[in-house]
There are 2 protein chains.
Amino acid sequence: MSDLAAERADWSTDGCSIAATLDLVGARSTMLLMREASLGTTRFSDFAVRAQLSEPMTARRLKDLVASGLLERHTYREPGSRGRDEYRLTAKGRDLVPALMALRQWGDRYASPEAGPTLAVDHADCGAPVQVELRCTEGHRVGPGEVEVSPGPGLVRTAS
Amino acid sequence: MSDLAAERADWSTDGCSIAATLDLVGARSTMLLMREASLGTTRFSDFAVRAQLSEPMTARRLKDLVASGLLERHTYREPGSRGRDEYRLTAKGRDLVPALMALRQWGDRYASPEAGPTLAVDHADCGAPVQVELRCTEGHRVGPGEVEVSPGPGLVRTAS
DNA sequence: CGGCATCCTTAGGGATACTG
DNA sequence: CAGTATCCCTAAGGATGCCG
(Lines give C-alpha, C1' and ligand atoms only; values in the text may rest on other atoms or scores of the structure.)
Protein backbone atom coordinates (compact mmCIF):
# COMPACT_ATOMS: atom_id res chain seq x y z
CA MET A 1 0.00 0.00 0.00
CA SER A 2 1.45 3.33 -1.00
CA ASP A 3 1.73 6.32 1.32
CA LEU A 4 -0.93 8.12 -0.59
CA ALA A 5 -3.35 5.25 -0.40
CA ALA A 6 -2.67 4.92 3.30
CA GLU A 7 -3.43 8.60 3.75
CA ARG A 8 -6.72 8.07 1.99
CA ALA A 9 -7.36 5.34 4.51
CA ASP A 10 -9.78 2.50 4.12
CA TRP A 11 -12.72 4.49 3.02
CA SER A 12 -11.65 7.43 1.02
CA THR A 13 -14.09 10.26 0.37
CA ASP A 14 -10.89 12.27 0.64
CA GLY A 15 -12.65 14.96 2.62
CA CYS A 16 -14.67 16.13 -0.32
CA SER A 17 -18.40 16.28 0.11
CA ILE A 18 -18.98 15.43 -3.53
CA ALA A 19 -17.00 12.24 -3.08
CA ALA A 20 -18.79 11.54 0.18
CA THR A 21 -22.14 11.98 -1.49
CA LEU A 22 -21.21 9.69 -4.33
CA ASP A 23 -20.05 7.05 -1.88
CA LEU A 24 -23.45 7.17 -0.26
CA VAL A 25 -25.88 7.59 -3.11
CA GLY A 26 -23.73 7.54 -6.22
CA ALA A 27 -24.68 4.13 -7.46
CA ARG A 28 -26.98 4.10 -10.42
CA SER A 29 -29.48 1.87 -8.69
CA THR A 30 -29.56 4.13 -5.66
CA MET A 31 -30.28 7.22 -7.69
CA LEU A 32 -33.01 5.51 -9.66
CA LEU A 33 -34.66 4.30 -6.49
CA MET A 34 -34.51 7.81 -5.10
CA ARG A 35 -36.07 9.08 -8.29
CA GLU A 36 -38.90 6.63 -7.72
CA ALA A 37 -39.27 7.49 -4.09
CA SER A 38 -39.55 11.17 -4.97
CA LEU A 39 -42.25 10.23 -7.45
CA GLY A 40 -44.25 8.71 -4.66
CA THR A 41 -43.44 5.07 -5.16
CA THR A 42 -43.66 3.28 -1.86
CA ARG A 43 -43.96 -0.43 -2.50
CA PHE A 44 -41.16 -2.88 -3.08
CA SER A 45 -42.24 -4.33 -6.37
CA ASP A 46 -43.11 -0.95 -7.80
CA PHE A 47 -39.58 0.16 -7.04
CA ALA A 48 -38.16 -2.85 -8.80
CA VAL A 49 -40.34 -2.61 -11.88
CA ARG A 50 -40.23 1.15 -12.33
CA ALA A 51 -36.53 1.56 -11.73
CA GLN A 52 -35.99 -1.54 -13.84
CA LEU A 53 -33.85 -3.20 -11.25
CA SER A 54 -33.73 -6.81 -10.21
CA GLU A 55 -35.39 -7.72 -6.94
CA PRO A 56 -32.15 -8.56 -5.16
CA MET A 57 -30.68 -5.20 -6.14
CA THR A 58 -33.83 -3.42 -5.13
CA ALA A 59 -33.84 -5.19 -1.78
CA ARG A 60 -30.21 -4.45 -1.07
CA ARG A 61 -30.42 -0.80 -2.05
CA LEU A 62 -33.65 -0.13 -0.22
CA LYS A 63 -32.11 -1.58 2.87
CA ASP A 64 -29.05 0.61 2.41
CA LEU A 65 -31.21 3.67 1.89
CA VAL A 66 -33.16 2.96 5.04
CA ALA A 67 -29.91 2.43 6.91
CA SER A 68 -28.57 5.74 5.60
CA GLY A 69 -31.72 7.52 6.64
CA LEU A 70 -32.91 8.54 3.21
CA LEU A 71 -35.96 6.33 3.36
CA GLU A 72 -38.13 5.13 6.20
CA ARG A 73 -39.81 1.83 6.23
CA HIS A 74 -43.29 1.61 7.64
CA THR A 75 -45.10 -1.62 8.04
CA TYR A 76 -48.82 -1.22 7.88
CA ARG A 77 -51.08 -3.90 9.08
CA GLU A 78 -54.62 -2.79 8.61
CA PRO A 79 -56.53 -5.37 10.59
CA GLY A 80 -58.14 -7.95 8.39
CA SER A 81 -55.99 -7.34 5.36
CA ARG A 82 -52.48 -8.37 4.53
CA GLY A 83 -49.50 -6.50 5.88
CA ARG A 84 -48.12 -3.74 3.72
CA ASP A 85 -44.69 -2.25 3.59
CA GLU A 86 -44.03 1.31 2.61
CA TYR A 87 -40.79 3.06 1.93
CA ARG A 88 -41.10 6.79 2.26
CA LEU A 89 -38.77 9.70 1.84
CA THR A 90 -37.30 11.31 4.89
CA ALA A 91 -36.30 14.97 4.89
CA LYS A 92 -32.77 13.87 4.17
CA GLY A 93 -34.00 11.98 1.16
CA ARG A 94 -36.24 14.77 -0.01
CA ASP A 95 -33.32 17.15 0.03
CA LEU A 96 -31.71 15.07 -2.65
CA VAL A 97 -34.37 16.14 -5.12
CA PRO A 98 -32.42 19.18 -6.32
CA ALA A 99 -29.49 16.95 -7.18
CA LEU A 100 -31.77 14.58 -9.07
CA MET A 101 -33.25 17.51 -10.90
CA ALA A 102 -29.87 18.91 -11.78
CA LEU A 103 -28.84 15.57 -13.21
CA ARG A 104 -32.10 15.33 -15.08
CA GLN A 105 -31.77 18.80 -16.54
CA TRP A 106 -28.30 18.06 -17.80
CA GLY A 107 -29.42 14.75 -19.20
CA ASP A 108 -32.44 16.24 -20.92
CA ARG A 109 -30.10 18.53 -22.74
CA TYR A 110 -27.09 16.37 -23.43
CA ALA A 111 -27.61 12.74 -22.66
CA SER A 112 -31.04 11.83 -23.94
CA PRO A 113 -32.45 14.60 -26.07
CA GLU A 114 -34.77 12.11 -27.76
CA ALA A 115 -36.59 11.12 -24.63
CA GLY A 116 -38.85 13.68 -23.09
CA PRO A 117 -38.03 14.95 -19.63
CA THR A 118 -38.39 12.55 -16.77
CA LEU A 119 -39.62 13.92 -13.49
CA ALA A 120 -41.94 16.83 -14.00
CA VAL A 121 -41.60 18.96 -10.92
CA ASP A 122 -44.19 21.61 -10.14
CA HIS A 123 -44.55 24.18 -7.43
CA ALA A 124 -47.20 22.94 -5.03
CA ASP A 125 -48.51 26.47 -4.43
CA CYS A 126 -48.82 27.88 -7.91
CA GLY A 127 -48.48 24.83 -10.13
CA ALA A 128 -45.72 26.30 -12.26
CA PRO A 129 -42.86 24.03 -13.30
CA VAL A 130 -39.80 24.09 -11.08
CA GLN A 131 -36.21 24.15 -12.22
CA VAL A 132 -32.79 24.13 -10.69
CA GLU A 133 -31.05 27.47 -10.92
CA LEU A 134 -27.88 29.07 -9.78
CA ARG A 135 -28.42 32.21 -7.74
CA CYS A 136 -25.97 34.26 -5.79
CA THR A 137 -26.85 35.50 -2.34
CA GLU A 138 -27.52 38.93 -3.84
CA GLY A 139 -30.39 37.32 -5.66
CA HIS A 140 -28.91 37.56 -9.14
CA ARG A 141 -29.54 34.76 -11.47
CA VAL A 142 -26.23 33.24 -12.47
CA GLY A 143 -25.48 31.45 -15.71
CA PRO A 144 -23.04 28.55 -15.75
CA GLY A 145 -20.49 30.77 -17.47
CA GLU A 146 -20.71 33.64 -15.01
CA VAL A 147 -19.29 31.64 -12.23
CA GLU A 148 -15.98 31.74 -10.48
CA VAL A 149 -15.14 28.39 -8.97
CA SER A 150 -12.47 28.04 -6.32
CA PRO A 151 -11.54 25.38 -3.82
CA GLY A 152 -13.56 25.58 -0.65
CA PRO A 153 -12.06 25.09 2.81
CA GLY A 154 -13.00 21.43 2.82
CA LEU A 155 -11.00 20.49 -0.20
CA VAL A 156 -7.42 19.43 0.11
CA ARG A 157 -5.43 21.11 -2.56
CA THR A 158 -2.05 19.92 -3.64
CA ALA A 159 0.74 21.96 -5.03
CA SER A 160 1.27 21.83 -8.73
CA MET B 1 -32.04 -13.52 -21.03
CA SER B 2 -35.48 -12.48 -19.91
CA ASP B 3 -37.93 -10.54 -22.03
CA LEU B 4 -37.52 -7.54 -19.82
CA ALA B 5 -33.78 -7.57 -20.07
CA ALA B 6 -34.03 -7.96 -23.83
CA GLU B 7 -36.33 -4.96 -23.96
CA ARG B 8 -33.82 -2.96 -22.03
CA ALA B 9 -31.28 -3.99 -24.65
CA ASP B 10 -27.56 -3.91 -24.29
CA TRP B 11 -27.27 -0.42 -23.00
CA SER B 12 -30.19 0.42 -20.86
CA THR B 13 -30.75 4.01 -19.70
CA ASP B 14 -34.40 2.92 -19.93
CA GLY B 15 -35.35 6.22 -21.49
CA CYS B 16 -34.74 8.18 -18.33
CA SER B 17 -32.43 11.13 -18.55
CA ILE B 18 -31.23 10.61 -15.01
CA ALA B 19 -30.16 7.10 -15.89
CA ALA B 20 -28.61 8.34 -19.11
CA THR B 21 -26.65 10.97 -17.24
CA LEU B 22 -25.41 8.47 -14.71
CA ASP B 23 -24.29 6.15 -17.47
CA LEU B 24 -22.23 8.98 -18.91
CA VAL B 25 -20.81 10.76 -15.90
CA GLY B 26 -22.03 8.79 -12.93
CA ALA B 27 -18.79 7.13 -12.04
CA ARG B 28 -17.10 8.50 -8.99
CA SER B 29 -13.85 9.11 -10.83
CA THR B 30 -15.66 10.98 -13.58
CA MET B 31 -17.40 13.30 -11.19
CA LEU B 32 -14.23 14.02 -9.29
CA LEU B 33 -12.38 14.82 -12.47
CA MET B 34 -15.18 17.16 -13.50
CA ARG B 35 -14.95 18.80 -10.11
CA GLU B 36 -11.28 19.39 -10.79
CA ALA B 37 -11.86 20.62 -14.29
CA SER B 38 -14.40 23.12 -13.02
CA LEU B 39 -11.81 24.28 -10.51
CA GLY B 40 -9.47 25.11 -13.33
CA THR B 41 -7.25 22.08 -13.27
CA THR B 42 -5.92 21.44 -16.75
CA ARG B 43 -2.92 19.17 -16.48
CA PHE B 44 -2.88 15.42 -16.31
CA SER B 45 -0.92 14.92 -13.15
CA ASP B 46 -2.81 17.62 -11.33
CA PHE B 47 -6.00 15.78 -12.14
CA ALA B 48 -4.59 12.54 -10.80
CA VAL B 49 -3.19 14.00 -7.59
CA ARG B 50 -6.05 16.31 -6.75
CA ALA B 51 -8.83 13.87 -7.49
CA GLN B 52 -6.76 11.22 -5.74
CA LEU B 53 -7.04 8.82 -8.60
CA SER B 54 -4.46 6.48 -10.01
CA GLU B 55 -2.87 7.51 -13.28
CA PRO B 56 -4.43 4.72 -15.29
CA MET B 57 -7.90 5.68 -14.06
CA THR B 58 -7.18 9.32 -14.70
CA ALA B 59 -6.03 8.54 -18.22
CA ARG B 60 -9.03 6.37 -19.02
CA ARG B 61 -11.59 8.80 -17.65
CA LEU B 62 -10.05 11.88 -19.22
CA LYS B 63 -10.10 10.10 -22.53
CA ASP B 64 -13.73 9.18 -22.00
CA LEU B 65 -14.59 12.73 -21.04
CA VAL B 66 -12.93 14.09 -24.15
CA ALA B 67 -14.76 11.50 -26.22
CA SER B 68 -18.07 12.50 -24.64
CA GLY B 69 -17.40 16.14 -25.32
CA LEU B 70 -17.22 17.32 -21.74
CA LEU B 71 -13.56 18.19 -21.98
CA GLU B 72 -11.37 19.35 -24.82
CA ARG B 73 -7.76 18.50 -25.12
CA HIS B 74 -5.42 21.16 -26.39
CA THR B 75 -1.80 20.55 -27.07
CA TYR B 76 0.29 23.64 -26.68
CA ARG B 77 3.74 23.82 -28.06
CA GLU B 78 5.18 27.20 -27.29
CA PRO B 79 8.28 27.28 -29.43
CA GLY B 80 11.39 26.68 -27.41
CA SER B 81 9.70 25.08 -24.45
CA ARG B 82 8.24 21.67 -23.84
CA GLY B 83 4.88 20.68 -25.20
CA ARG B 84 1.98 21.09 -22.83
CA ASP B 85 -1.34 19.37 -22.73
CA GLU B 86 -4.44 20.97 -21.38
CA TYR B 87 -7.85 19.55 -20.67
CA ARG B 88 -10.47 22.23 -20.58
CA LEU B 89 -14.17 22.33 -19.96
CA THR B 90 -16.49 22.59 -22.89
CA ALA B 91 -19.89 24.24 -22.56
CA LYS B 92 -21.36 20.78 -22.13
CA GLY B 93 -18.96 20.16 -19.29
CA ARG B 94 -19.53 23.53 -17.70
CA ASP B 95 -23.25 22.89 -17.65
CA LEU B 96 -22.60 20.03 -15.29
CA VAL B 97 -21.54 22.47 -12.58
CA PRO B 98 -25.06 22.85 -11.16
CA ALA B 99 -25.26 19.11 -10.70
CA LEU B 100 -21.89 19.07 -8.97
CA MET B 101 -23.03 21.90 -6.75
CA ALA B 102 -26.26 20.16 -5.89
CA LEU B 103 -24.35 17.05 -4.88
CA ARG B 104 -21.94 19.15 -2.89
CA GLN B 105 -24.69 21.00 -1.07
CA TRP B 106 -26.36 17.79 -0.10
CA GLY B 107 -23.06 16.32 1.00
CA ASP B 108 -22.13 19.38 3.04
CA ARG B 109 -25.30 18.88 4.96
CA TYR B 110 -25.61 15.16 5.26
CA ALA B 111 -22.58 13.27 4.13
CA SER B 112 -19.58 15.11 5.48
CA PRO B 113 -20.61 17.76 7.94
CA GLU B 114 -17.14 17.71 9.46
CA ALA B 115 -15.36 18.78 6.33
CA GLY B 116 -15.90 22.30 5.15
CA PRO B 117 -17.56 22.85 1.82
CA THR B 118 -15.66 21.87 -1.24
CA LEU B 119 -16.04 24.04 -4.30
CA ALA B 120 -16.67 27.62 -3.37
CA VAL B 121 -18.65 29.10 -6.21
CA ASP B 122 -18.95 32.85 -6.56
CA HIS B 123 -20.78 35.09 -8.95
CA ALA B 124 -18.22 36.54 -11.35
CA ASP B 125 -20.04 39.88 -11.50
CA CYS B 126 -20.73 40.66 -7.88
CA GLY B 127 -18.56 38.17 -6.03
CA ALA B 128 -21.37 36.82 -3.89
CA PRO B 129 -21.49 33.09 -3.24
CA VAL B 130 -23.65 31.07 -5.56
CA GLN B 131 -26.01 28.28 -4.60
CA VAL B 132 -28.31 25.88 -6.29
CA GLU B 133 -31.96 26.71 -5.79
CA LEU B 134 -35.31 25.49 -6.90
CA ARG B 135 -37.43 28.16 -8.57
CA CYS B 136 -40.66 27.87 -10.41
CA THR B 137 -41.18 29.72 -13.66
CA GLU B 138 -43.23 32.29 -11.78
CA GLY B 139 -40.06 33.20 -9.97
CA HIS B 140 -41.05 31.86 -6.57
CA ARG B 141 -38.41 30.27 -4.54
CA VAL B 142 -39.40 26.68 -3.87
CA GLY B 143 -38.40 24.60 -0.89
CA PRO B 144 -37.82 20.86 -1.27
CA GLY B 145 -41.08 20.20 0.52
CA GLU B 146 -43.22 22.52 -1.58
CA VAL B 147 -42.78 20.45 -4.64
CA GLU B 148 -45.12 18.21 -6.52
CA VAL B 149 -43.24 15.57 -8.43
CA SER B 150 -44.86 13.62 -11.21
CA PRO B 151 -43.60 11.43 -14.01
CA GLY B 152 -42.58 13.43 -17.06
CA PRO B 153 -43.38 12.37 -20.62
CA GLY B 154 -40.01 10.70 -20.98
CA LEU B 155 -40.50 8.26 -18.18
CA VAL B 156 -42.08 4.92 -18.80
CA ARG B 157 -44.52 4.20 -16.05
CA THR B 158 -45.75 0.76 -15.24
CA ALA B 159 -49.05 -0.15 -13.78
CA SER B 160 -49.12 -1.13 -10.16
C1' DC C 1 -46.57 -9.76 -2.03
C1' DG C 2 -41.93 -8.82 -0.15
C1' DG C 3 -38.24 -10.45 0.17
C1' DC C 4 -33.27 -13.50 0.96
C1' DA C 5 -29.42 -16.90 -0.92
C1' DT C 6 -26.60 -18.15 -4.40
C1' DC C 7 -23.95 -17.78 -8.44
C1' DC C 8 -22.27 -15.34 -12.26
C1' DT C 9 -20.54 -11.40 -15.29
C1' DT C 10 -18.91 -6.89 -15.95
C1' DA C 11 -17.20 -2.43 -14.85
C1' DG C 12 -14.73 0.52 -11.49
C1' DG C 13 -10.49 1.22 -9.72
C1' DG C 14 -5.66 0.53 -7.63
C1' DA C 15 -0.48 -1.21 -7.94
C1' DT C 16 3.33 -1.83 -10.46
C1' DA C 17 6.20 -1.24 -14.12
C1' DC C 18 7.44 0.72 -18.49
C1' DT C 19 7.63 4.42 -22.67
C1' DG C 20 7.94 8.97 -25.44
C1' DC D 1 5.64 15.33 -17.50
C1' DA D 2 2.01 12.49 -19.72
C1' DG D 3 0.75 8.82 -20.34
C1' DT D 4 0.32 3.06 -21.64
C1' DA D 5 0.21 -2.00 -20.40
C1' DT D 6 -0.68 -5.54 -17.35
C1' DC D 7 -2.56 -7.73 -13.48
C1' DC D 8 -5.55 -8.05 -9.82
C1' DC D 9 -9.33 -7.11 -6.50
C1' DT D 10 -13.91 -5.45 -5.32
C1' DA D 11 -18.43 -3.62 -6.02
C1' DA D 12 -22.47 -3.24 -9.09
C1' DG D 13 -25.83 -5.68 -10.95
C1' DG D 14 -28.65 -9.55 -13.21
C1' DA D 15 -30.66 -14.63 -13.18
C1' DT D 16 -32.52 -18.20 -10.85
C1' DG D 17 -34.71 -20.21 -7.22
C1' DC D 18 -36.68 -20.52 -2.49
C1' DC D 19 -39.24 -18.73 1.73
C1' DG D 20 -42.72 -16.47 5.03
Side-chain angles (χ1 to χ4, degrees), chain A residues 1-14 19 22-33 41-66 71 73-78 81-87 158-160, chain B residues 1-14 19 22-33 41-66 71 73-78 81-87 158-160:
Chain A
M1 205 183 207
S2 75
D3 291 356
L4 201 137
E7 190 78 21
R8 196 172 349 167
D10 30 4
W11 231 51
S12 62
T13 73
D14 88 297
L22 293 173
D23 287 340
L24 257 175
V25 298
R28 187 193 149 87
S29 49
T30 307
M31 288 289 198
L32 295 182
L33 290 175
T41 299
T42 59
R43 284 158 58 192
F44 178 85
S45 38
D46 287 341
F47 276 109
V49 171
R50 294 178 179 165
Q52 311 215 58
L53 296 169
S54 65
E55 287 93 342
M57 244 307 118
T58 307
R60 262 177 285 175
R61 290 294 168 247
L62 286 179
K63 199 181 296 183
D64 292 348
L65 284 168
V66 170
L71 296 180
R73 179 187 193 163
H74 301 272
T75 309
Y76 280 106
R77 185 166 294 275
E78 295 156 14
S81 63
R82 265 184 107 291
R84 267 286 190 82
D85 282 355
E86 282 202 337
Y87 296 86
T158 312
S160 183
Chain B
M1 205 183 209
S2 78
D3 291 357
L4 201 137
E7 188 81 18
R8 197 173 347 169
D10 28 5
W11 231 52
S12 65
T13 73
D14 89 299
L22 293 173
D23 287 340
L24 258 174
V25 297
R28 189 193 147 86
S29 49
T30 308
M31 287 289 198
L32 296 182
L33 290 174
T41 298
T42 59
R43 284 158 56 193
F44 178 85
S45 36
D46 287 342
F47 276 110
V49 171
R50 294 178 179 166
Q52 312 216 56
L53 296 170
S54 65
E55 288 95 340
M57 243 309 114
T58 307
R60 262 178 285 174
R61 289 295 169 246
L62 285 179
K63 202 180 295 184
D64 292 348
L65 285 168
V66 170
L71 296 180
R73 179 187 193 163
H74 300 273
T75 308
Y76 280 107
R77 184 164 295 275
E78 295 157 12
S81 65
R82 265 183 106 294
R84 267 285 191 82
D85 282 355
E86 282 201 338
Y87 296 87
T158 313
S160 183

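So that the names make sense, note that chain A is the first sequence line, chain B the second, and so on, each numbered from 1. Hydrogens, waters and symmetry mates play no part in the numbers below; they use all other heavy atoms, side chains included.
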Compare the minimum distances between each of C:dC4, C:dG2, D:dG14 and the side chain of A:Arg43, then state the nucleotide with the smallest one.
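Within the option list, the nearest is C:dG2.
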
Side chain of B:Ala59 - closest among C:dC4, C:dG3, D:dG3:
D:dG3

At their closest point, which heavy atom of B:Val25 faces which heavy atom of B:Met31, and how far apart are they?
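Residues B:Val25 and B:Met31, closest heavy atoms: O-CG, 3.3 Å.
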
Heavy atoms only: give me the nearest A:Arg43-A:Asp85 pair and the separation to one decimal.
CG-O, 3.8 Å

Quick one: [X] [atom1] to [N] [atom2], roughly how many Å, whole number?
X	N	atom1	atom2	result
B:Leu62	C:dG13	CG	P	13 Å
B:Arg60	C:dA11	CZ	P	12 Å
A:Arg73	C:dC1	CZ	C1'	12 Å
A:Leu33	C:dG2	CG	P	14 Å
B:Glu55	C:dT16	CD	C1'	10 Å
A:Asp85	C:dG3	CG	P	5 Å
B:Leu22	C:dA11	CG	P	16 Å
B:Met57	C:dT16	CE	P	17 Å

Among A:Arg60, A:Gln52, A:Arg61, find the residue that satisfies the side chain to side chain contact (heavy atoms under 4.5 Å, CB included) test when tested with A:Ser29.
A:Arg61

How is A:Ser29 classified with respect to the nucleic acid when contacts are heavy atoms under 4.0 Å: base, sugar-phosphate, or nothing?
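If one applies the 4.0 Å heavy-atom cut-off, A:Ser29 turns out to touch the sugar-phosphate alone, with no base involved.
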
Does B:Phe47 reach a base, just sugar-phosphate, or nothing at all? Heavy atoms under 4.0 Å.
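Counting heavy atoms under 4.0 Å across all strands, no contact is made by B:Phe47.
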
Give a yes/no on whether any side-chain N or O of [X] is located under 4.0 angstrom from OP1 or OP2 of [N].
X	N	value
A:Arg28	D:dG14	no
B:Ser54	C:dG13	no
B:Ser45	D:dA2	yes
A:Arg61	C:dG3	no
A:Lys63	C:dG3	no

Would you indicate whether the side-chain heavy atoms of A:Thr58 and A:Phe44 approach each other to under 4.5 Å?
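Of all side-chain heavy-atom pairs linking A:Thr58 with A:Phe44, at least one is under 4.5 Å.
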
Quick one: does A:Thr30's side chain get under 4.5 Å of A:Asp64's, heavy atoms only?
no

